[in-house]
**Q** 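Got a structure for you, written out below as structure tokens; questions coming shortly.
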Amino acid sequence: MNTFCFSGEAEKKYALACLEFAKRLGLIDDSSLDAVALRCQAENAKRKQMLEKGEIVYGLKAFPLSVYLDYELTRFKLDFASEKDPIKKNYSYTPISKKEKKAYYKNNRDLFTRYNGDKFRFSEVDMIIEKKLREEQYEDEINNILCKLS
């Protein structure tokens, strides 16, 4: 029995779309929820062994299933945005022009404001903007999969 605690059918479909995309990208071999449960068990066993050996474990000692799913989905998105090598083999990233990045910077100035009100210069946040645009591209891909699932 899977206890993922989805808040509704839409959240479950979104998770399944993310898992399917991760499979297409080569990040996982199986996109089923049962496979997520197996990966969670394996991660928890690995952490338990590390603790028994006195090694440092960062984060939780053991993942509840729903938390592990969130962890995986977040990792997939961050890996995509960072253009990791395994993904590059299976996906052709759309080039992002400097013009697109500058437009994002201008349209989202509030994201690039420091606590005391002064702004980060474009050159200081160029890489961050590129990752934000990649995250948007990721969401577009997920929405394409969701359209096909509906």
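Throughout, numbering of the chain's residues begins at 1 and tracks the sequence.
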**Q** Restricting to ring pair (Phe, Tyr, Trp, His ring centres under 6.0 Å), what partner residues turn up for F6, sequence neighbours left out?
**A**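 Applying ring pair (Phe, Tyr, Trp, His ring centres under 6.0 Å) to F6 gives F4.
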
**Q** Can you establish whether the number of heavy atoms outside R121 located under 6.0 Å from its atom CZ is more than 12?
**A**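 Not more than 12 within 6.0 Å, no.
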
**Q** To the nearest 0.5 Å, what is the distance between SG on C18 and CG on L73?
**A**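 Interatomic distance, C18 SG to L73 CG, rounded to 0.5 Å: 5.0 Å.
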
**Q** Just grab all the salt bridge (charged side-chain N to carboxylate O under 4.0 Å, His left out) pairs involving residues 15-33, residues at least two apart or on different chains.
**A**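 Qualifying pairs, neighbours excluded: E20-R24.
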
**Q** Does the side chain of L25 reach to within under 4.5 Å of the side chain of K89, using non-hydrogen atoms?
**A**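 No, every pair of side-chain atoms sits at 4.5 Å or beyond.
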
**Q** Who passes ring pair (Phe, Tyr, Trp, His ring centres under 6.0 Å) against Y14, sequence neighbours left out?
**A**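 Y14 satisfies ring pair (Phe, Tyr, Trp, His ring centres under 6.0 Å) with no residue once adjacent residues are dropped.
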
**Q** Can you pull out every salt bridge (charged side-chain N to carboxylate O under 4.0 Å, His left out) where at least one residue sits in residues 135-150? Sequence neighbours excluded, please.
**A**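 Listed by first then second residue: K77-E139.
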
**Q** Do L60 and V36 share a hydrophobic cluster (ILVMFWY, side-chain heavy atoms under 4.5 Å, transitive)?
**A**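 Same hydrophobic cluster.
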
**Q** May I ask you to list the residues sharing a hydrophobic cluster with Y115, side-chain cutoff 4.5 Å, ordered by chain and number?
**A**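 Its cluster partners, ordered by chain and number, are none at all.
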
**Q** Does the side chain of I87 reach to within under 4.5 Å of the side chain of E83, using non-hydrogen atoms?
**A**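 Not touching, per the 4.5 Å side-chain cut-off.
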
**Q** Quick check for you: to the nearest 0.5 Å, what is the distance between K102 atom NZ and N107 atom CG?
**A**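 These two atoms lie 13.5 Å from each other.
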
**Q** Pairs in or reaching into residues 45-56: which pass side chain to side chain donor-acceptor pair (under 3.5 Å), with residues at least two apart or in two chains?
**A**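 Sorted result for residues 45-56: E43-R47.
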
**Q** CG of D85 to CG of N90: how many Å apart, nearest 0.5 Å?
**A**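 Here the interatomic distance stands at 11.5 Å.
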
**Q** Taking only residues two or more places apart in sequence or in another chain, which ones pass salt bridge (Lys or Arg N to Asp or Glu O under 4.0 Å) with E100?
**A**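 By the salt bridge (Lys or Arg N to Asp or Glu O under 4.0 Å) rule, E100 matches no residue at all.
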
**Q** If you count every heavy atom of other residues, nucleotides or ligands that lies below 6.0 Å from K119 atom NZ, does the total exceed 12?
**A**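 It does: K119 NZ has more than 12 such atoms within range.
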
**Q** Can you sort out the partners of F76 under ring pair (Phe, Tyr, Trp, His ring centres under 6.0 Å), two or more places apart, ordered by chain and number?
**A**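 By the ring pair (Phe, Tyr, Trp, His ring centres under 6.0 Å) rule, F76 matches no residue at all.
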
**Q** Would you check if L19 and I28 make a side-chain contact, meaning some heavy-atom pair closer than 4.5 Å?
**A**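 In short, these two side chains touch, coming nearer than 4.5 Å.
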
**Q** Between CG of D79 and OH of Y138, what distance do you get to the nearest 0.5 Å?
**A**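 The distance works out to 9.5 Å.
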
**Q** Show the nearest heavy-atom pair for residues P64 and A62, with the distance to one decimal.
**A**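 Smallest heavy-atom distance, with atoms named: CD-O, 3.6 Å.
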
**Q** Among all residues two or more places apart in sequence or in another chain, which pass the side chain to side chain donor-acceptor pair (under 3.5 Å) test with T94?
**A**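 Side chain to side chain donor-acceptor pair (under 3.5 Å) check on T94 returns Q137.
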
**Q** Look up atom CG in L78 and atom NZ in K131, then write down how far apart they are to the nearest 0.5 Å.
**A**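 One finds 8.0 Å between CG of L78 and NZ of K131.
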
**Q** For Y93 and F80, indicate whether the former's side chain and the latter's backbone hold a donor-acceptor pair under 3.5 Å.
**A**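 Indeed, once roles are kept as given, a pair shorter than 3.5 Å links the two residues.
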
**Q** Other than F112, what residues sit in its cluster of Ile, Leu, Val, Met, Phe, Trp and Tyr side chains whose heavy atoms are under 4.5 Å apart, directly or through others?
**A**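 I96, Y104, Y105, L111, F120, F122, V125, I128, I129, L133, listed by chain and number.
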
**Q** Keeping to residues at least two apart or across chains, list the salt bridge (charged side-chain N to carboxylate O under 4.0 Å, His left out) pairs with something in residues 57-74.
**A**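 Applying salt bridge (charged side-chain N to carboxylate O under 4.0 Å, His left out) to every pair that reaches into residues 57-74, excluding sequence neighbours, yields R39-E72.
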
**Q** Can you confirm whether S31 sits close enough to F21 that some side-chain heavy atom of one is under 4.5 Å from a side-chain heavy atom of the other?
**A**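 When only atoms from C-beta onward are counted, F21 and S31 do not touch, as no gap falls below 4.5 Å.
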
**Q** Which pairs with one or both residues in residues 22-64 pass ring pair (Phe, Tyr, Trp, His ring centres under 6.0 Å), sequence neighbours excluded?
**A**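 Found F63-Y68, F63-Y71.
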
